[in-house]
Protein chains: 2
Amino acid sequence: MKNDNLKKSGLKATLPRLKILELFEKGEEHHLSAEDIYKKLVLLDEELGLATIYRVLTQFEAANLIVRNHFEDGRFVYELNKGPHHDHVVCDRCGKVDEFVDETIENSQREVAEKFGFKITAHSLQIFGICPKCQSESLQQS
Amino acid sequence: MKNDNLKKSGLKATLPRLKILELFEKGEEHHLSAEDIYKKLVLLDEELGLATIYRVLTQFEAANLIVRNHFEDGRFVYELNKGPHHDHVVCDRCGKVDEFVDETIENSQREVAEKFGFKITAHSLQIFGICPKCQSESLQQS
DNA sequence: ATGATAATGATATCGCTTCTCATATTCATT
DNA sequence: AATGAATATGAGAAGCGATATCATTATCAT
Ligand SMILES: [Zn+2]
Ligand SMILES: [Zn+2]
Ligand SMILES: [Zn+2]
Ligand SMILES: [Zn+2]
C-alpha cells in the first residue's frame, strides 16, 4: 500500500504526496519536471500548489523514492527510483530520452575519481544527439 | 594579436570583448561564470555591464573560442577552448575542479549512441565527490 | 474527538539569464 | 581625420525555475 511506502520514509501520507507518487507509478511519462506534474494534475482536476510539488519532490528524492536528473534544458526532471542506476541519451530536437547502463563507463569513472583522490558521491552523464525519428524528418525537409 | 582572433570569428574588436578574452587568457582561474568575470573586472576597475558579459560569452561560445560547462550548481562556467575535449571531476564541498580525458569513456559513449541510432552532438559528464583536501578536513573535525 | 505536530498553498522573493531600447562605439569609406 | 551605416553596449526590466514565508489546514497518536 502506498501509505506504507511513505511512512517507511518518515513522511506522513498526505493527499499531495499520494497524488504525486501515483502519477509517477502510473508511469505514462518516465521523466517529469515539477511543472509537468502540476499540469498533469490540473488536467485530472487534482490541483496542488506548485510550492508543494517542489517540496514533495525534494523530500521524495531525499527519501530515495525518486531520482533527480538535469538534461541541460534549465530544469530538473525526476523519475521513480526503481532498479539500478542508469544514464541518459537525450534528443536535442524533440527531447526523447533513452536510458542505458554501461559498466565500462561506470568503472572508468571510478578509476578517474581514484586517480584524483576524490571520494566519489555521484555523477551526471548525458549523451546529446539527434534521435532516429528526428534524423529522418530533417532528411525529408532538405 | 587578439584583434585578429576576434575578427576571424566575425566579431568586432570591441573593448568588452578584448577585456573578457584577456581575462580568460590570463588564466588565473580556469572555469569562470559571468558573475566571476564581472567581479574580476570590477576589481581591475574595468567595469562592463553584466548584460554585455552574458552576450559576449554566448558569442564566444558560438565562435568556439570558449566552452560552456554546467557543474550542477545553478550557473554556467566557461573556459578557453584550447586543446582536446575533456570532462570534469568536481568537489561537492569546495568546488575544486579537476579535468580528465578518458578515451574508454568517450568510445563507450559513441557505442551507446550508435546502439540507439542517435547522431551524437555532445555529451556532458561530471563526476562529483569529495576532494582529498576536504576529506582530510572532515577527518579532523570528527 | 482532541490537540500537538507537520504539511499545504498563495504569494513574495531569489538567482541566473535574457530582453529592450536608447546611447555609444567600431570601422569601411571618403 | 571626418562621416555615417552597421553594430555593440549598458541600465534596467522581465523571464523563469526554484525556494522562502507564513497564515491556514490536515494528519495521526493519544
Ligand atoms: Zn528527436
Ligand atoms: Zn531515467
Ligand atoms: Zn574540496
Ligand atoms: Zn575544464
Side-chain angles (χ1 to χ4, degrees), chain A residues 1-23 31-42 44-63 65-78 95 124, chain B residues 1-23 31-42 44-63 65-66 68-78 95:
Chain A
M1 193 190 190
K2 250 161 264 165
N3 271 9
D4 303 328
N5 255 326
L6 290 173
K7 289 195 181 159
K8 254 181 277 175
S9 307
L11 296 168
K12 281 188 186 172
T14 64
L15 240 55
R17 302 214 256 241
L18 289 169
K19 302 280 182 208
I20 294 173
L21 197 50
E22 196 175 348
L23 240 199
H31 302 94
L32 292 168
S33 69
E35 192 73 28
D36 290 340
I37 292 171
Y38 185 72
K39 285 181 187 152
K40 275 183 181 288
L41 291 175
V42 168
L44 299 171
D45 283 318
E46 312 263 28
E47 305 198 25
L48 309 187
L50 240 188
T52 303
I53 296 176
Y54 276 105
R55 254 181 329 229
V56 169
L57 288 173
T58 302
Q59 296 157 346
F60 280 9
E61 197 206 356
L65 293 172
I66 59 177
V67 174
R68 190 172 81 156
N69 281 106
H70 191 117
F71 295 158
E72 204 108 340
D73 60 346
R75 73 238 164 95
F76 290 102
V77 295
Y78 296 83
S124 165
Chain B
M1 193 188 191
K2 249 160 267 165
N3 271 8
D4 302 327
N5 255 326
L6 290 174
K7 289 195 181 157
K8 253 180 279 175
S9 307
L11 296 169
K12 281 189 186 172
T14 65
L15 240 56
R17 302 213 257 240
L18 289 168
K19 302 280 182 210
I20 294 173
L21 197 50
E22 196 175 350
L23 241 200
H31 302 94
L32 292 168
S33 69
E35 192 73 29
D36 290 339
I37 291 170
Y38 185 73
K39 284 181 187 152
K40 276 183 181 288
L41 291 175
V42 168
L44 299 172
D45 283 319
E46 313 262 27
E47 304 198 27
L48 309 187
L50 240 189
T52 302
I53 296 175
Y54 276 103
R55 254 182 328 230
V56 169
L57 288 172
T58 303
Q59 295 157 347
F60 280 10
E61 197 207 356
L65 293 170
I66 59 178
R68 191 172 81 155
N69 282 107
H70 190 107
F71 295 159
E72 205 110 339
D73 60 345
R75 73 236 165 99
F76 289 102
V77 296
Y78 296 83

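On a predicted model such as this, the values are computed, not experimentally measured, just so you know. Lettering of chains follows the sequences in order, A, B, ..., and the numbering in each one begins at 1.
Along DNA chain C, the nucleotide nearest A:L15 and the nucleotide nearest B:D73 are compared for position; the residue whose nucleotide lies closer to the 5' end is A:L15. Residue whose closest nucleotide on DNA chain D sits further toward the 5' end, between A:L11 and A:S33: A:S33. In terms of position on DNA chain C, the residue among B:P16 and B:Y78 whose nearest nucleotide sits closer to the 5' end is B:Y78.
Phosphate proximity of D:dA18 to A:Y54: present, with a side-chain N or O under 4.0 Å from OP1 or OP2. Note on B:T14: every side-chain N or O is 4.0 Å or more away from OP1 and OP2 of D:dA8.
The separation between A:L6 atom CG and C:dA7 atom P is 11 Å, rounded to whole Å. At whole-Å resolution of the value, CZ in A:R68 and C1' in D:dA18 are 10 Å apart. Counting to the nearest Å, the C1' atom of C:dC27 and the CG atom of B:L18 are 14 Å from each other. Separating the NZ atom of B:K19 from the P atom of D:dA8 is a distance of 18 Å, rounded to the nearest angstrom. When rounded to the nearest whole Å, the span between OH of A:Y38 and C1' of D:dG17 equals 15 Å. The CG atom of B:L41 sits 13 Å away from the P atom of D:dT9 (whole-angstrom rounding). Rounded to whole Å, the distance from CZ on B:R75 to P on C:dG15 is 13 Å. Here C:dT25 presents its P atom at 14 Å from CZ of B:R55, a figure rounded to the nearest Å.
The minimum heavy-atom distance linking A:L6 with A:K12 is given by the pair CD1-O, 4.3 Å. Residues A:L18 and A:A13 share a closest heavy-atom pair of CD1-O, 4.2 Å.
Taking OG1 of A:T58 as the start and OH of A:Y78 as the end, the distance is 5.0 Å to the nearest 0.5 Å. The structure places CG of B:L15 at 10.5 Å from CD1 of B:I20, a figure rounded to the nearest 0.5 Å. Interatomic distance, A:E46 CD to A:K19 NZ, rounded to the nearest 0.5 Å: 3.5 Å.
When distances are taken from the side chain of A:A51 to each of C:dC27, C:dA10, D:dT9, the shortest belongs to C:dA10. Comparing atom distances between the A:T58 side chain and each of D:dT19, C:dT18, D:dT21 picks out D:dT19 as nearest.
Looking only at side-chain heavy atoms (C-beta outward), B:R75 and B:D36 come within less than 4.5 Å of each other. Between A:F76 and B:E72 the shortest side-chain heavy-atom distance falls below 4.5 Å.
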Which pairs, protein N/O on one side and nucleotides 3-7 of chain D N/O on the other, fall under 3.5 Å?
unit_1: D:dT7; atom_1: O4'; unit_2: B:K12; atom_2: NZ; d: 3.2

